[in-house]
K.L.:
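Got a structure for you, written out below as structure tokens; questions coming shortly.
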Amino acid sequence: MAHLLSTSCSLKIPSCRKTFFQSPNQGPNAFPTSFTVKTSKSPVRRVVLTGESSQRSHTVYATTTPIKQEASAQKRSSLHQSSNDLSKQKRVMVIGGDGYCGWATALHLSNKGYEVAIVDNLIRRLFDNQLGLDSLTPITSIHNRIRCWKSLTGKTIELYIGDICDFEFLSETFKSFEPDAVVHFGEQRSAPYSMIDRSRAVFTQHNNVIGTLNVLFAIKEYREQCHLVKLGTMGEYGTPNIDIEEGYLTITHNGRTDTLPYPKQASSFYHLSKVHDSNNIAFTCKAWGIRATDLNQGVVYGVTTEETAMHEELCNRLDYDGVFGTALNRFCVQAAVGHPLTVYGKGGQTRGYLDIRDTVQCVEIAIANPAQPGEFRVFNQFTEQFSVNELAALVTKAGEKLGLDVKTISVPNPRVEAEEHYYNAKHTKLIELGLKPHLLSDSLLDSLLNFSILYKDRVDSKQIMPSVSWRKIGVKPKTVMA
Ligand SMILES: O=c1ccn([C@@H]2O[C@H](COP(=O)(O)OP(=O)(O)O[C@H]3O[C@H](CS(=O)(=O)O)[C@@H](O)[C@H](O)[C@H]3O)[C@@H](O)[C@H]2O)c(=O)[nH]1
């Protein structure tokens, strides 16, 4: 989005509440076999795909469909009784299951034998449409994705299209699906997006904080034992000049000792929204006995998982633009198209990173080892630390091996952040529970670069340079010039 401008044509923040979104490649009449049921409460569409696309049947559920629910409840209880395999007992709702981490996770859990439902309002696709961005990789609609998964594996992923900020919608999904665990990826996850203008800052915090609050209320009301696995961020901690612990810090002050939440110093309205979430979750664990795991995830890289590699229609998105693209993914795409690597400022910014194959593994580990009732558990979810300069050097070396001429430029930092700092974050809890990390290797860089080369004709170079300034954010709505 190199051309975000303040001009007369204002881009409105999605007023998506209670809206069912169409996927971009489907017209307004493109849900020929699905229906929206209005009950005395909100409309809920539950789409169950049951076979090859030509034979699919779409079943519509709402609170007033007890017969189907009874049948699925029976199926569930027999599963509970007949299997010692923990995964078979778990019904997992993946909120944000159409996004980068959510889609890969939904497939992985389905592959591992969990009963999966995706809840998503498809707003990530709308952001792209509004800002004129696109994934490097072509992605098909969520309906096609799920249909393809079903035809390849025989496994059903249920789909609920709607907005979790609409509590009635969320209630109906809870009552219909009855999750044992909720994985919550359904937030606006870009720091630059949250810093475009006032309306995006407000949208980000409202969407993220209220969405999570609604999930907490839904668990309390309908599924008290349900385990919340919430995607937090390493960015909640900022870059303190001491070691970062996993969620809590034991402090001795004036002769007294206590273990307290680790201090939070987030540096964007997005990262701050996660801090607010953490506080709300911690409080409800204490007050209501909710069981929750906050996965403070680092920066994710990569695109392929075992499951997304099974068919081109399962392909994940890969963002390279200045708003949603993250450091290592961006650098690989930049190298592939001959754009200099965009190191912001001095490049000493150090963060925790992980392969998307480890994201899906970590979530599964958290679900299989649930927090206790009332426990607010925090895991730092990353596998290695790198500075931006180190990443640029690694991509340069890997690119040269493929015959690419990779250059790096120092871009004036659009963010307000420390560019040289101490960074040492603990990340042992997931390893103790069995995480086997995929560390950043030459072969991963090689495959990410080759992926980028494969799709390089889809790259819009105008989207590469950063255009959102932490200092210049104002109240005037920013718009995009065509
Ligand atoms: O072209 C670029 C892009 C980024 N950076 C720098 O790389 C670092 C990481 O930036 P990023 O854009 O890769 O990641 P960030 O904005 O922090 O956010 C991403 O990573 C977070 C984890 S963490 O960074 O907070 O640990 C997640 O929460 C977010 O959802 C995800 O979008 C920053 O210091 C940034 O200034 C560059 O130097 N050049």
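Counting starts at 1 for both ligands and their atoms, in listed order.
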K.L.:
Show me the side-chain donor-acceptor pairs of residues 259-267 shorter than 3.5 Å, one per line, residues at least two apart or across chains.
P.N.:
unit_1: Thr259; atom_1: OG1; unit_2: Thr250; atom_2: OG1; d: 2.8
unit_1: Tyr262; atom_1: OH; unit_2: Asp243; atom_2: O; d: 2.8
unit_1: Lys264; atom_1: NZ; unit_2: Glu236; atom_2: OE1; d: 3.0

K.L.:
By the definition salt bridge (charged side-chain N to carboxylate O under 4.0 Å, His left out), identify the one residue from Arg223, Lys90, Arg91, Arg291 that meets it with Asp180.
P.N.:
Arg223

K.L.:
Give the minimum heavy-atom separation between Gln385 and Tyr423, together with the two atoms involved.
P.N.:
NE2-O, 2.9 Å

K.L.:
Taking the six-membered ring where the residue is Trp, are the ring centres of Trp288 and Phe217 under 6.0 Å apart?
P.N.:
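Yes, the ring of Trp288 comes within the 6.0 Å limit of the ring of Phe217, centre to centre.
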
K.L.:
Is it the case that over 12 heavy atoms from other parts of the model lie below 6.0 angstrom from the CZ atom of Phe269?
P.N.:
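Incorrect, the count does not exceed 12.
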
K.L.:
Do we see a donor-acceptor contact under 3.5 Å between the side chains of Thr239 and Glu417?
P.N.:
no

K.L.:
For ligand 1, list the protein residues that place a heavy atom within a distance below 4.0 Å of one of its atoms, sorted by chain and number.
P.N.:
Arg189, Ala191, Thr233, Met234, Gly235, Tyr270, His271, Gln297, Gly298, Val299, Gly325, Thr326, Ala327, Arg330, Phe331, Thr342, Val343, Tyr344, Gln349, Arg351, Val388, Arg415, Glu417

